[in-house]
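Working notes for the structure below.
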Number of protein chains: 2
Amino acid sequence: MQRHLTTIIDIARQLGISKSTVSRALTDHPNVNAKTRQRVLELAEQLDYQRNQLAISLLTNQTRTIGILVPEFISYFFPRVIISAQQVLTKAGYNVVICQSGESYEMEVSNAHTLLANRVDGLLVSHTKETRNFDHLRTFQRKSIPVVFFNRVCEDMNVPNVTVDDYRGAFVAVEHLIQSGRRRIAHLAGPDSLPNTRNRLNGYRDALLHYGLPIEPELIISYDLTLEKANIYINHLLNLPQPPDALFTINDPTAIEVLKVCRSRGLHVPNELAIVGFSNDPISELVEPGLTTVVQPVDDLGREAARLLLNAMEGSATEMPERVVLPTQLIVRGSS
Amino acid sequence: MQRHLTTIIDIARQLGISKSTVSRALTDHPNVNAKTRQRVLELAEQLDYQRNQLAISLLTNQTRTIGILVPEFISYFFPRVIISAQQVLTKAGYNVVICQSGESYEMEVSNAHTLLANRVDGLLVSHTKETRNFDHLRTFQRKSIPVVFFNRVCEDMNVPNVTVDDYRGAFVAVEHLIQSGRRRIAHLAGPDSLPNTRNRLNGYRDALLHYGLPIEPELIISYDLTLEKANIYINHLLNLPQPPDALFTINDPTAIEVLKVCRSRGLHVPNELAIVGFSNDPISELVEPGLTTVVQPVDDLGREAARLLLNAMEGSATEMPERVVLPTQLIVRGSS
DNA sequence: ATTTTTTTTGGGAATGTTCCCAAAAAAATA
DNA sequence: TATTTTTTTGGGAACATTCCCAAAAAAAAT
């Protein structure tokens, strides 16, 4: 594997000039003779020279690369956020490296180390559902590499973050169910470790309280977001002596799973069971009946996260870290 | 931004030994006193030292990073392929950098340059629908950086590639429609620039020929994969004086779009129009009726692509480049 | 023609690491 | 104790680039 890529020195040698001059010609530095620049540019083109970003990064101590660390990107949510963040960052002249941890804490730590070793200039992160120890991310902070959380945030770390208004989204969703006459509203919640799970749960609780409905512990189940478990719990809820007349789920895939179970049990949606999801996956408008759900502004989320990171990297990081909460919105479809 | 990260030299100085010794201690080199190693390791931990991968890569001329270049990753397909490729590559000790070009040729070229400047050791690529000139990828070849195509391949370039059996998949899909009594089978095809579009089109044609059915040019429409266009063409087909009784589409999202149009026009599926998609998106089993489709072995695709790349990077690249074609399979659901 | 100014060029340090070679220290042998 | 062998250490080159400073060349001014 003795491939040799053209360097600035090769060009200098062939032209009988110094590497400094070549460097200047290649970097649009003013102090270079027009004709010399021309010759350099031509030879560079001819040898298809490609500047070695590694050497430059080593020297300047910045890579102009930012890392994005997400738990997964199969679902619709993260890819969309990443794309919109990437647009902003690319425009600002940064490269983007994406790592996904497959919801595994171990993988997340390993990815964090890789990004650190590769000297990213900043980090955008949404942690796994398993993550409880944030040392691997604090390391970035300690080395003063800006970190911004989005969607899944660690409130203990004193860094900027962007979330959607999970509490309000959940409140409005449950309020809608109550106002359409439901009285036994179950909630299939996510893992307790995630702040947005907790916020949605609080929204659910407060909506019930606000309308004078009892909070029944047997109607609240938190689970690990795997569809197998979802299935078990959905059936468990429907088999209760007093089954719920509505089900509010932590996300749309779960709600779709509920829809499938109802279909297989011959339960009519929404007459016998109303369903409300969360996130407005594209699937939610394709199923029959359409799924009532809470919209998360995915594009804004990515854009804002990128903006906060750029601020932190380029601006003064002394102020109180900015925390953005984006509004959510209920979309009512056939399932409720 | 004068952050200084701990280096091997800081450790050496604090311990009053040379950087060579520190380096040895840190890299598990045998020629180092056990006690010295211990001291180095402890201090490294304490200062949370992180080796600078840039410096190492510069020195060794390999980054142990491989680039994955895809047109998009919103759809289900690419994320899945990437994840399975990533698993293989991670296990082999490589980092993975993912770039998405948003189906834009310009962005693809720019991404290719970035990856080259960052000195990736290998490239996994599925090009955009706009890509007709492959110079930006040939550059890798010229610099003897292994390239492997997957799914969307450039047959002119003499590199390994992995595809699914698009021809056979399409043939079997259309055969199934014919055998269930359809006679006017339309095909909504992808852009001509993509080989898999062409292969699927050939499969469609040959199936018709094989069963003695005429090929009607008015029933074959290629389009650019945007859903807005899909909508227009679907309506166009259904408005024909002699509308089709079946529609075979280039992919599942398109087929779902057909389903939606049928729903809004009150057309019964499959009685009045049978629909067959391609790729077995998870959505396809959630819609009503379930979508008949052709399964692409996404995980195998990623795994094989990674394997071929590892071969090319580590093995002898002299032989004829390997080309893998993975089998497809028809899944019949309610839409046909 | 000489001096001053401007433009253009070259040399060398610096970035953080590994690896080779020589030197020093320690251990083993005579 | 002296010599040989083994273990451990240090010094410096190399990787590709940028940037500073000085030197050379060219142009302008006297």
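What you see below is based on every heavy atom in this structure, not just the backbone, and it leaves out hydrogens, waters and symmetry mates. In this text the structure is predicted, and so the values were computed from the model without any measurement. To find a chain, count down the sequence lines: A is the first, B the second, and so on, and within it residues start at 1.
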Which nucleotide sits closest to the side chain of [X]: [options]?
{"X": "A:Lys19", "options": "D:dT9, C:dG16, C:dA13", "answer": "C:dA13"}
{"X": "B:Ile56", "options": "D:dA16, C:dT17, C:dT9", "answer": "C:dT17"}
{"X": "A:Leu58", "options": "D:dT8, C:dT15, C:dT18", "answer": "C:dT15"}
{"X": "A:Leu59", "options": "D:dG12, D:dT9, D:dT18", "answer": "D:dT18"}
{"X": "A:Asn52", "options": "D:dT17, C:dT17, D:dG10", "answer": "D:dT17"}

*Tell me what B:Thr36 touches on the nucleic acid: a base, only sugar-phosphate, or nothing, going by heavy atoms under 4.0 Å.*
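Counting heavy atoms under 4.0 Å across all strands, the contact made by B:Thr36 is with sugar-phosphate only.
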*asked:* Heavy atoms only, 4.0 Å cut-off, all strands: where does B:Thr27 land among base, sugar-phosphate and nothing?
replied: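 Since only primed, P, OP1 and OP2 atoms lie under 4.0 Å of B:Thr27, the category is sugar-phosphate.
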Whole Å only: how far is the [atom1] atom of [X] from the [atom2] atom of [N]?
{"X": "A:Leu15", "N": "C:dG10", "atom1": "CG", "atom2": "C1'", "result": "15 Å"}
{"X": "B:Leu54", "N": "C:dT15", "atom1": "CG", "atom2": "P", "result": "15 Å"}
{"X": "A:Ile9", "N": "C:dG10", "atom1": "CD1", "atom2": "C1'", "result": "13 Å"}
{"X": "A:Asn33", "N": "D:dA26", "atom1": "CG", "atom2": "P", "result": "10 Å"}
{"X": "A:His29", "N": "C:dT7", "atom1": "NE2", "atom2": "C1'", "result": "12 Å"}
{"X": "B:Ile11", "N": "C:dG16", "atom1": "CD1", "atom2": "C1'", "result": "12 Å"}
{"X": "B:Asn31", "N": "C:dA24", "atom1": "CG", "atom2": "P", "result": "18 Å"}
{"X": "B:Ile8", "N": "C:dG16", "atom1": "CD1", "atom2": "C1'", "result": "8 Å"}

*Picking from A:Leu54, A:Asn118, A:Asn61, A:Leu59, what satisfies side-chain contact (heavy atoms from CB on, under 4.5 Å) with B:Leu54?*
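Exactly one candidate clears the test, A:Leu54.
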Check whether any side-chain N or O of [X] sits under 4.0 Å from OP1 or OP2 of [N], and answer yes or no.
{"X": "B:Ser20", "N": "D:dG11", "result": "no"}
{"X": "B:Arg51", "N": "C:dT18", "result": "yes"}
{"X": "B:Thr7", "N": "C:dG16", "result": "no"}

*Tell which nucleotide pairs with C:dA13, taking only Watson-Crick or G-U wobble pairs whose two distances are both under 3.5 angstrom.*
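D:dT18 is the nucleotide pairing with C:dA13.
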*Who is the Watson-Crick or G-U wobble partner of C:dT3, with both distances under 3.5 Å?*
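Answer to the pairing question: D:dA28, which forms a Watson-Crick or G-U pair with C:dT3.
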*Between A:Lys143 and A:Leu116, which heavy-atom pair has the shortest distance, and what is it?*
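Shortest heavy-atom contact: CE-CD2, 4.2 Å.
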_Contact summary for A:Thr128 and A:Glu108, nearest pair of heavy atoms_ =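 Smallest heavy-atom distance, with atoms named: N-OE1, 2.9 Å.
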*asked:* Keeping A:Ser126 on the side-chain end and A:Asn151 on the backbone end, is there a donor-acceptor pair under 3.5 Å?
replied: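 Flag not set: sc A:Ser126 to bb A:Asn151 has no pair under 3.5 Å.
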*asked:* Tell me if a side-chain donor or acceptor on B:Arg37 pairs with a main-chain N or O of B:His29 at a distance below 3.5 Å.
replied: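 Yes: the side chain of B:Arg37 pairs with the backbone of B:His29.
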*Kindly indicate whether the side chain of B:Arg24 and the base of D:dG10 share any N or O donor-acceptor pair separated by less than 3.5 Å?*
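Donor-acceptor pair under 3.5 Å: yes.
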*Hey, is the side chain of B:Ser18 pairing donor to acceptor with the base of D:dG11 inside 3.5 Å?*
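Between D:dG11 and B:Ser18, which were checked side chain against base, a qualifying N/O pair under 3.5 Å is absent.
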*What is the ring orientation for A:Phe73 with B:Phe73, classed by angle as parallel under 30°, tilted 30 to 60°, or perpendicular over 60°?*
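Judged by the thresholds at 30° and 60°, the geometry between A:Phe73 and B:Phe73 is parallel.
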